[in-house]
Amino acid sequence: MASLPATATAPTYEELQAVVVSLREELARATAAPSTLAAGASRAGTGAEVLARARAQTSMSAEVVDWNPYSRLMALQRMGVVTDYERIRTLTVAVVGVGGVGSVAAEMLTRCGIGKLLLFDYDTVELANMNRLFFRPDQAGMTKTSAAAATLAVINPDVAIDAHHYNITAPDKFDDFLDALQSGGLAGQAVDLVLSCVDNFEARMAINQACNELGQDWMESGVSENAVSGHIQLMIPGRSACFACAPPLIVARKGDERELKREGVCAASLPTTMGIVAGLLVQNVLKFLLGFGQPTYYLGYNALSDFFPSMVLRPNPGCDNSACRARQADWAAHIAAHPEDDTQLGAPPPPPPAVAPQSTENAWGIVIECDEGEEERSQPTAGGDAELVPGVRPAYNPDAPPTNDALAPRVDAADLDLDALRAQLANM
Ligand SMILES: [Zn+2]
């Protein structure tokens, strides 16, 4: 139990604030413990039983009654949209970064009845986050993972939640991150999907490395620093482009990205854009995991023109990431034995278009971290670095003529969708 230090003088504001934060953490831990919210569990005196519903039965009921939290979801099955919606109760998704996009994505998955969530974040809730969805002012000072776990457990106590409060890019935490992805599933197996909802290049590369090493499917998401564009991308190691296959136009030089922030300047953010990107992300998660519709491999969003480009990105044979190249070799060996499996990345590829693929990949220029959230710094798609802030560099020159050098960073244009390209040209 938190307590004030035993001093003769009145406690300071900081001491009182520390006690409040500690008490909130205790409450969050107690509320988040799944066993305390099980059906019939007595929590007399805490008030929690008033807020949280009892756990449902092990199966999802399709009964159409007011008290059934799953009736509208199971209706998807009845209407023929999803063959087996209830399968979602067996699935585990890891959400890395519980900020403006990750927290909303976690809430959507919780309301959809996902079996288990793993939450990763090392940050705390701040009042400066209140222009976004999910977190509340009374949670300021709590860790994002404990605050999120507490809220999600109340929304749907059927969902198992593991909260991991650490920085996945810390050298002594990367193995913990790998272990959690490998054994964090409901039955101790690997998770079914990883969602990247982080706000910096270093964390994305750590997720990319982990997923390439493990052969783990994952989805990337991002929102630009001017708050009016974003994207999602599905990564299947060896089969679709990884994050290093087609890096952003501008990437950080080696060093601490946090040193790149400009004094007194922070990125913009909108709850609308972050909510839209989270919605696009979880929609893709549901389609991918439950097997309905056509999951997207890359979907962009430009709010100013309501432009949604979509395309398939094949892996880069010259990718800098050796684990990516190893997974590509694994997949090549697999399709040599099972050529019928090579048709799952969308429709058969059209003839290569006469458009440099790099310029489409970086239409919004995504990139470096600001100190306040999910935003990435947009940069004009200029080839030179004259306008860049210190500490960053262009990953490549989009104005350079196409090259056949297999070692050059590039996007394989084989699967670019012609309709998407026509739409892009129409919007230029
Ligand atoms: Zn790669």
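Being a predicted model, the structure only gives us computed values, none of them experimental.
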Exercise. Hey, is the main chain of L186 close enough, under 3.5 Å, to the side chain of T92 for a donor-acceptor pair?
Worked result: yes

Problem set entry | Side chains of D162 and L117 in contact at under 4.5 Å (non-hydrogen atoms) | no

Exercise. If you measure from CZ on R78 to OG on S71, what distance do you get to the nearest 0.5 Å?
Worked result: 8.0 Å

For this session: Would you mind reporting whether V191 and L118 have side-chain heavy atoms less than 4.5 Å apart?
Result: yes

Exercise. Side chains of N156 and P69: closer than 4.5 Å at any heavy-atom pair?
Worked result: no

Problem set entry | T273 to A227 - nearest heavy-atom pair and separation | OG1-O, 2.6 Å

Problem set entry | Pair S269-N131, side-chain donor/acceptor within less than 3.5 Å | yes

Exercise. Could you go step by step and tell me if F308 and L299 meet the side chain to side chain contact (heavy atoms under 4.5 Å, CB included) rule?
Worked result: CA-CA 6 Å; F308 293 84; L299 180 61; 4.1 Å; yes

Problem set entry | Shortest non-hydrogen separation from V198 to R204 and the atoms involved | O-NH2, 3.1 Å

Exercise. Can you check side chain to side chain contact (heavy atoms under 4.5 Å, CB included) on L313 and C245, steps first, answer last?
Worked result: CA-CA 9 Å; L313 298 176; C245 281; over 6 Å; no

Problem set entry | Test side chain to side chain contact (heavy atoms under 4.5 Å, CB included) applied to E340 and I335, step by step | CA-CA 7 Å; E340 69 278 9; I335 60 172; over 6 Å; no

Problem set entry | side chain to side chain donor-acceptor pair (under 3.5 Å) pairs, two or more places apart, involving residues 177-186 | none

Exercise. Do any N or O atoms from the side chain of T124 and from the backbone of G141 form a donor-acceptor pair under 3.5 angstrom?
Worked result: no

Exercise. Atom CG of D192 and atom CD of Q216: how far apart are they, to the nearest 0.5 Å?
Worked result: 7.5 Å

Exercise. In Å, rounded to the nearest 0.5 Å, how long is the span from CG of L76 to OG1 of T83?
Worked result: 11.0 Å

Problem set entry | Set of residues satisfying side-chain contact (heavy atoms from CB on, under 4.5 Å) with respect to D330, sequence neighbours excluded | R327

Problem set entry | Contacts of K173 that satisfy side-chain contact (heavy atoms from CB on, under 4.5 Å) - sequence neighbours left out | Y166, A170, D176

Problem set entry | Check: L119 and L152 side chains under 4.5 Å, non-hydrogen atoms | yes

Exercise. Hey, what do you get for NE2 (H231) to OG (S221), rounding to the nearest 0.5 Å?
Worked result: 7.0 Å

Problem set entry | Side chains of M235 and E220 in contact at under 4.5 Å (non-hydrogen atoms) | yes

For this session: Given side chain to side chain contact (heavy atoms under 4.5 Å, CB included), test V194 with V95 step by step and report yes or no.
Result: CA-CA 6 Å; V194 176; V95 180; over 6 Å; no

Problem set entry | Heavy-atom side-chain proximity of I236 to Y297 below 4.5 angstrom | yes

Exercise. Which heavy atom in V93 sits nearest to a heavy atom in I114, and how many Å separate them?
Worked result: CG2-CD1, 3.8 Å

Show me the donor-acceptor pairs within less than 3.5 Å that the side chains of residues 279-292 make with the rest of the protein, sequence neighbours left out.
{"residue": "N284", "atom": "OD1", "partner": "T296", "partner atom": "N", "Å": "2.8"}
{"residue": "N284", "atom": "ND2", "partner": "T296", "partner atom": "O", "Å": "3.0"}
{"residue": "K287", "atom": "NZ", "partner": "Q294", "partner atom": "O", "Å": "3.1"}

For this session: Report yes or no: does D217 contribute a side-chain atom to a donor-acceptor pair with the main-chain N or O of L193 at less than 3.5 Å?
Result: no

Exercise. With sequence neighbours left out, what residues match F177 under ring pair (Phe, Tyr, Trp, His ring centres under 6.0 Å)?
Worked result: F120

For this session: Could you grab the distance from atom CD1 of I168 to atom CG of D175, nearest 0.5 Å is fine?
Result: 12.5 Å

Problem set entry | F243 CZ to S196 OG distance, which is reported to the nearest 0.5 Å | 7.5 Å

Seminar exercise, completed: Smallest heavy-atom separation, N68 atom then S61 atom, equals ND2-O, 2.8 Å

For this session: Sequence neighbours left out, what passes side chain to side chain donor-acceptor pair (under 3.5 Å) with D84? Give chain and number order.
Result: none

Exercise. Going by heavy atoms in the side chains, are L133 and M274 under 4.5 Å from each other?
Worked result: no

For this session: Under the ring pair (Phe, Tyr, Trp, His ring centres under 6.0 Å) rule, collect the residues that match up with H334, sequence neighbours excluded.
Result: W331, H338

For this session: Could you list the residues that satisfy side-chain contact (heavy atoms from CB on, under 4.5 Å) with P137, not counting sequence neighbours?
Result: L127, M130

Seminar exercise, completed: The side-chain contact (heavy atoms from CB on, under 4.5 Å) partners of N321 (sequence neighbours excluded) come to N208, Q209, N212, A244, C319, A323, C324

Exercise. Does the side chain of Y301 come within less than 4.5 Å of S229's, by heavy atoms?
Worked result: no

Exercise. Looking only at heavy atoms, which two atoms of V159 and T110 are closest? And how far apart?
Worked result: CG2-O, 3.8 Å

Problem set entry | salt bridge (Lys or Arg N to Asp or Glu O under 4.0 Å): pairs with one or both residues in residues 291-300, sequence neighbours excluded | none

Exercise. What closest approach, in Å, do F135 and A148 show between heavy atoms, and which atom pair accounts for it?
Worked result: CE2-N, 3.9 Å

Exercise. Who are the side chain to side chain donor-acceptor pair (under 3.5 Å) partners of T151, not counting sequence neighbours?
Worked result: Q139

Problem set entry | Flag, side chain of K116 to backbone of G184, donor-acceptor distance under 3.5 Å | yes

Problem set entry | Inter- and intrachain pairs under salt bridge (Lys or Arg N to Asp or Glu O under 4.0 Å), touching residues 90-115, at least two apart | E107-R111

